[in-house]
Amino acid sequence: MTAAVRALLFKEIREGRWKFAIAALVLMAVGVSVPLAYEMFGGVLGELLEDARIPQFLKELLPPDMLQMDTYLWSNWHAKNLYQTVVVVAIIFGSSAVAGEFSRGSAQYLFSRPVTRRSVVLAKTGIDLLWIALAALLGTLALDITGRLAHGYAVPWTFYAGLVPILAGGAFVYGLALVVSTRLDDSVKAGVLAAVVAALFSIPSWVPAWRSFSVYVQMTGRALYRDGAFPWLPVLVMVALAAGLVAAAAERLEKRDIA
């Protein structure tokens, strides 16, 4: 590894540490709150089931194991708060990766250094995804520790294995945002456009016949929770798509004129 590449990596670590700190604090706060809200959730759900004014067929739509601790935690963590937060964080990191250099006026200096533009993209991607992975892990640890202290419940291994599909999907979303970032000079505009593009990929989530093709559905790792089967194929597909997007972003940046 050359000195220029090392300097680039240190630069990305330094510039990304505050975004990581905010993401980690948010995920840790949510991770703590989910187990603590279990009693309140159970009370509300219990009152709902006992309310005679609510039709029986609506009550039957609720999963019978909703009040089980593992179902409650997975539904409110992997299937909701964690993957949604990772998507937002991936958009923020990805959209500012290249566009942020132009909006700060540092692009000319950065791309005049003795490193290739492809190396810049790969360095930014590697460090950003590492920050996202660490934030997700810290949030899950906070959930696990709080569950042990508040309820004597230790989450099973699947809660940690479930980070893999979430991070694979997060890498895909990051790749989308990164491609947008190489085309715009304003990180805010890049973030808005990346969010719109990412939202379009949620369409299959709302069509029953297409749900298995939704990156966001696959991020929740339902098969892993349901029967302990690791979703190898969806993970590999999401990683391959993410790699293709990063390569496209690098190619786009290499062709871009930087005055």
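All values below were derived from every heavy atom in this structure, side-chain atoms included, with hydrogens, water molecules and symmetry-related copies excluded. Computed from a predicted model, the values in this text were never measured in an experiment.
- Under the ring-ring contact (aromatic ring centres under 6.0 Å, His included) criterion, Tyr216 pairs with no residue, sequence neighbours left out.
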request  = Let me see the working for Leu184 and Phe102 under side chain to side chain contact (heavy atoms under 4.5 Å, CB included), right down to the final yes or no.
outcome  = CA-CA 8 Å; Leu184 298 175; Phe102 286 93; over 6 Å; no

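- Cluster annotation: Phe93 is not connected to Val188 through the hydrophobic network of ILVMFWY side chains, with a link wherever side-chain heavy atoms come within less than 4.5 Å.
- Looking at Tyr225 and Thr71, their side chains come closer than 4.5 Å, going by heavy atoms from C-beta outward.
- Among residues two or more places apart in sequence or in another chain, the ring-ring contact (aromatic ring centres under 6.0 Å, His included) test is passed with Trp232 by Phe230.
- The closest donor-acceptor contact from the side chain of Ser33 to the backbone of Val30 lies under 3.5 Å.
- Residues Glu101 and Ser187 are not in side-chain contact: their nearest non-hydrogen atoms beyond the backbone lie 4.5 Å or more apart.
- Summarising the geometry, atom CD1 belonging to Ile166 is positioned 12.5 Å from atom CD1 belonging to Ile132; distances are rounded to the nearest 0.5 Å.
- When every heavy atom of Arg148 is checked against every heavy atom of Ala154, the shortest pair comes out as CZ-CB, 3.4 Å.
- For Tyr38 and His151, the distance between ring centers is under 6.0 angstrom.
- No side-chain heavy atom of Ser75 sits less than 4.5 Å from a side-chain heavy atom of Tyr72.
- Here the side chains of Pro35 and Leu143 are in contact, with some heavy-atom distance below 4.5 Å.
- Here the closest non-hydrogen pair linking Ser96 and Lys19 is OG-NZ, 3.1 Å.
- Considering OG1 of Thr140 and CE of Met28, their distance stands at 11.0 Å, rounded to 0.5 Å.
- In this structure, Leu36 shares a hydrophobic cluster with Val32, the cluster being traced through Ile, Leu, Val, Met, Phe, Trp and Tyr side chains under 4.5 angstrom apart.
- Between Met238 and Gly169 the shortest heavy-atom distance is SD-CA, 3.6 Å.
- Trp210 and Val237 fall into different hydrophobic clusters, where Ile, Leu, Val, Met, Phe, Trp and Tyr side chains are chained together by heavy-atom contacts under 4.5 Å.
- Considering only heavy atoms from C-beta on, Val121 comes within 4.5 Å of Leu178 through its side chain.
- We find the CG-CG distance between Asp144 and Leu149 to be 9.5 Å, quoted to the nearest 0.5 Å.
- Under the side-chain contact (heavy atoms from CB on, under 4.5 Å) criterion, Leu245 pairs with Phe172, Leu176, Val179, not counting sequence neighbours.
- Distance check: Arg222 CZ to His78 NE2 gives 13.5 Å after rounding to the nearest 0.5 Å.
- The shortest distance between side-chain heavy atoms of Leu141 and Tyr160 falls below 4.5 Å.
- The shortest side-chain heavy-atom distance between Val155 and Trp77 does not fall under the 4.5 Å cut-off.
- Legend: residues meeting side-chain contact (heavy atoms from CB on, under 4.5 Å) with Trp157, ordered by chain and number and at least two apart, are Ala161, Leu224.
- In terms of hydrophobic clustering, with Ile, Leu, Val, Met, Phe, Trp and Tyr side chains grouped at heavy-atom distances under 4.5 Å, Ile145 and Tyr153 are assigned to different clusters.
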ask   = Between Leu8 and Leu110, is a side chain to side chain contact (heavy atoms under 4.5 Å, CB included) present by the stated rule, with each step listed?
value = CA-CA 9 Å; Leu8 175 61; Leu110 173 63; 3.9 Å; yes

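- Pairing each heavy atom of Ala194 with each of Ile91, the nearest pair is CB-CG2, 4.1 Å.
- Here the CD-OG distance, from Gln218 to Ser212, works out to 6.5 Å after rounding to the nearest 0.5 Å.
- Heavy-atom neighbours of Phe213 CZ from other residues, nucleotides or ligands within 6.0 Å: at or below the threshold of 12.
- Across every non-hydrogen atom of Phe159 and Asp70, the tightest pair is CZ-O, 3.9 Å.
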For residues 80-89, please give each side-chain donor-acceptor pair under 3.5 Å, one per line with the distance, not counting sequence neighbours.
unit_1 : atom_1 : unit_2 : atom_2 : d
Asn81  : ND2    : Asn76  : O      : 2.5
Thr85  : OG1    : Asn81  : O      : 2.7

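- A salt bridge links Glu12 with Lys124: the distance from a Lys NZ or Arg NE/NH1/NH2 to an Asp or Glu carboxylate oxygen falls below 4.0 Å.
- Closest heavy-atom contact between Ala97 and Ser181: N-OG, 3.8 Å.
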inquiry  = Checking Thr116 against Ser119 for the side-chain hydrogen bond (donor to acceptor under 3.5 Å, both in side chains) test, could you report, in this order, the C-alpha distance in whole Å, the side-chain angles of both residues, the deciding distance, and whether it holds?
reply    = CA-CA 5 Å; Thr116 65; Ser119 296; 2.8 Å; yes

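- Two different hydrophobic clusters hold Ile13 and Trp18 under the rule that ILVMFWY side chains link at heavy-atom gaps under 4.5 Å.
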message = One pair to check against side chain to side chain contact (heavy atoms under 4.5 Å, CB included): Leu9 and Ile127. What are the steps and the verdict?
response = CA-CA 7 Å; Leu9 291 174; Ile127 296 301; 4.1 Å; yes

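- Cluster membership for Val26 and Ile92, using ILVMFWY side-chain heavy atoms within less than 4.5 angstrom, is not shared.
- The 12-atom threshold is exceeded at NZ of Lys11, counting heavy atoms of other residues, nucleotides or ligands nearer than 6.0 Å.
- Counting heavy atoms from C-beta on, the side chains of Leu73 and Val34 come closer than 4.5 Å.
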